[in-house]
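The structure appears below as structure tokens.
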Amino acid sequence: MTSTHRIRMKNRPGRQLVANDFVEETIDLPALGNGEVLCKTRYFSLDPYLVGMMRSWEGPDPGWQQGLICGRMVAEVIESRDPDFTAGDWVQGECHWQALEAHKASTLSKLPTDSDIPPSAYLGVLGSSGLTAWLGIEKILQLKAGQTISISSAAGVVGGIAGQLAKHRGARVIGIAGGPEKCASVVSDLGFDTCVDHTSDNFHQQLAEATPKGVDAHFENVGAKILDPILERMRDCGKIALCGLIAHYLDEDPITLKNFRMLLTKGLRLQGFRLFDHFEETEAAHGEILSALRAGTLSLRETITQGLSQAPAAYVAMLSGGGIGKHLIAIND
Ligand SMILES: NC(=O)c1ccc[n+]([C@@H]2O[C@H](COP(=O)([O-])OP(=O)(O)OC[C@H]3O[C@@H](n4cnc5c(N)ncnc54)[C@H](OP(=O)(O)O)[C@@H]3O)[C@@H](O)[C@H]2O)c1
């Protein structure tokens, strides 16, 4: 019998997620059934949305009810009992946080084999993050040349791609990120026009100086601490794409906006959007992103941590602002 290592939740987290909320265990794998494919997980994705399920032990995968984490992966096929897959294929799908796993073939899709794109990109820029960024810019904000846009968590994968797509459309792009190093990299590596540090004492003043004529569009990834001061900077009839609320995922506290009334007085449109309502846009989004990657006008930024055992610490670090771009665990052995 083959065994493997798995990380699961040991207990529900409190108001802070800590590495001690997870445990590593060794499990035996059942014999491979017909229509199943045994895969070696090569990369899995450390996505912010997982923390809601870590907190509640509830999610679309039934394993969540036992604290089993289930997220996005790319993997290599080791053995197949399905005619559509053979050993050596690279696939994407969902996995538990474990090194080896048997998957139903119907839940997997093959990655292109002749691609000049690294497999990890299918979890980030060519995965849900890239599609989310594209949807916000193209469909929700319908950004136009000459407009000014602000983007929170600009050094993150969604924010970073959104900003680069906004530059491609001829917009002036203002990033918001945590710390001077992240802000510098958002400008020098991603080409944003400027980036404001939300951890600085005079954040609101810096934001006002960076947006002297206000902003036409805002892409929100974080929550009230950024959205509230941004409402003051919005121009009349501006649009806000509410993509994420990462600062609020670990609690049920009310989300308070001092400037809420400005939605009315400025005639603003705030629209939340969910990736899974827009999968029909995948081809258009990936077409643009792939072209930009190949033309070298879109940068692929990843924070890759090696080794399954490091996943809890890397996940906690991602939520606390460590690293840039897409956060992944790589398993090499
Ligand atoms: N709507 C959808 O369908 C959809 C799909 C995918 C993702 N999302 C959302 O999009 C957002 C971005 O996702 P991502 O994968 O690119 O993650 P990400 O932006 O890389 O998330 C990690 C970053 O969030 C920032 N952050 C975390 N807690 C914060 C806090 N309390 N205050 C301020 N900043 C905080 C930190 O950046 P700084 O160090 O710069 O503060 C941290 O590095 C998330 O909210 C995610 O849930 C939505």
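Index from 1, following the sequence. No hydrogens, no waters, no symmetry mates; every other heavy atom, side chains included, goes into these values. The structure displayed is predicted, hence computed values, not measured ones.
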Out of curiosity, [X] [atom1] to [Y] [atom2], how far, rounded to the nearest 0.5 Å?
X	Y	atom1	atom2	value
Arg235	Thr211	CZ	OG1	9.0 Å
Leu32	Ser80	CG	OG	7.5 Å
Thr256	Asp228	OG1	CG	9.0 Å
Ile329	Ser120	CD1	OG	13.0 Å
Leu207	Asn202	CG	CG	10.5 Å
Leu290	Glu283	CG	CD	11.5 Å

* **Presence of salt bridge, Glu138 and Arg169, under 4.0 angstrom** => yes
* Electrostatic pair Asp193-Lys167, nearest N-O below 4.0 angstrom -> yes
Side-chain contact, heavy-atom cut-off 4.5 Å: [X] with [Y]?
X	Y	value
Val91	Val37	no
Lys139	Glu281	yes
Ile117	Val125	no
Ser109	Gln92	yes
Met53	Pro60	yes
Leu250	Arg15	no
Leu29	Leu38	yes
Met9	Leu17	yes

* Asked: If you measure only the distance, is there a donor-acceptor pair under 3.5 Å linking the side chains of Gln306 and Asn332?
  -> yes
Minimum heavy-atom distance [X]-[Y], with the two atoms named:
X	Y	value
Ile289	Leu131	CD1-N, 4.5 Å
Ser129	Leu123	OG-O, 4.0 Å
Leu319	Pro48	CD2-CA, 4.5 Å

* Applying side-chain contact (heavy atoms from CB on, under 4.5 Å), name anything that partners Ser320, two or more places apart in sequence or on another chain. =>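 Once residues adjacent in sequence are excluded, the partners of Ser320 under the side-chain contact (heavy atoms from CB on, under 4.5 Å) criterion are Val316.
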Answer with yes or no whether the hydrophobic clustering places [X] together with [Y]; edges join I, L, V, M, F, W, Y residues whose side-chain heavy atoms lie under 4.5 Å apart.
X	Y	result
Trp90	Tyr122	yes
Ile240	Phe219	no
Leu100	Val77	no
Leu275	Tyr249	no
Val18	Leu46	no

Scan [range] for pairs that pass salt bridge (charged side-chain N to carboxylate O under 4.0 Å, His left out), counting only residues two or more places apart or in two chains.
range	answer
residues 296-323	Asp189-Arg301
residues 55-71	Arg55-Glu252
residues 27-50	Arg42-Glu76, Asp47-Arg72, Asp47-Lys326

* Asked: If you draw a 6.0 Å radius around CD in Glu25, do more than 12 non-hydrogen atoms from other residues or ligands fall strictly inside?
  ->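 Atom CD in Glu25 is crowded, with more than 12 foreign heavy atoms closer than 6.0 Å.
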* Asked: Does Lys10 NZ have over 12 foreign heavy atoms under 6.0 Å away?
  -> yes
* To do: Among residues two or more places apart or on two chains, list those pairs meeting ring-ring contact (aromatic ring centres under 6.0 Å, His included) that have a residue in residues 165-208.
  =>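 ring-ring contact (aromatic ring centres under 6.0 Å, His included) check on residues 165-208 returns no pairs.
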* Asked: Which pairs pass ring-ring contact (aromatic ring centres under 6.0 Å, His included) with one or both residues in residues 30-74, sequence neighbours excluded?
  ->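 Sorted result for residues 30-74: Phe44-Trp97.
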* To do: Would you please test His248 and Asp253 for side-chain contact (heavy atoms from CB on, under 4.5 Å) and show each step?
  => CA-CA 8 Å; His248 303 282; Asp253 296 349; over 6 Å; no
* Stepwise side-chain contact (heavy atoms from CB on, under 4.5 Å) check, Met54 with Ile69 -> CA-CA 7 Å; Met54 290 173 181; Ile69 305 155; 4.2 Å; yes
In chain order, what residues pass the side-chain hydrogen bond (donor to acceptor under 3.5 Å, both in side chains) check against [X], with sequence neighbours excluded?
X	answer
Gln142	Lys239
Ser309	Glu24
Glu79	none
Glu232	Asn259

* Apply side chain to side chain donor-acceptor pair (under 3.5 Å) to the pair Glu288 and Trp134, showing each step before the final yes or no. => CA-CA 9 Å; Glu288 178 180 343; Trp134 186 91; 2.9 Å; yes
* Applying side-chain contact (heavy atoms from CB on, under 4.5 Å), run through Asp82 and His103 and close with a yes or a no. => CA-CA 11 Å; Asp82 183 275; His103 299 272; over 6 Å; no
Under 3.5 Å, which donor-acceptor pairs link side chains of residues 170-180 to any protein atom two or more places apart or in another chain?
unit_1: Arg172; atom_1: NH1; unit_2: Ala210; atom_2: O; d: 3.1
unit_1: Arg172; atom_1: NH2; unit_2: Ala210; atom_2: O; d: 3.4

Side-chain donor-acceptor distances from residues 148-160 under 3.5 Å, at least two apart:
unit_1: Ser150; atom_1: OG; unit_2: His218; atom_2: ND1; d: 2.7
unit_1: Ser152; atom_1: OG; unit_2: Glu220; atom_2: OE2; d: 2.8
unit_1: Ser152; atom_1: OG; unit_2: Asn221; atom_2: N; d: 2.8

* Asked: Do Thr107 and Glu94 pass the side-chain contact (heavy atoms from CB on, under 4.5 Å) test, and can you show the C-alpha distance, the side-chain angles, and the key distance before you say yes or no?
  -> CA-CA 8 Å; Thr107 65; Glu94 294 207 323; over 6 Å; no
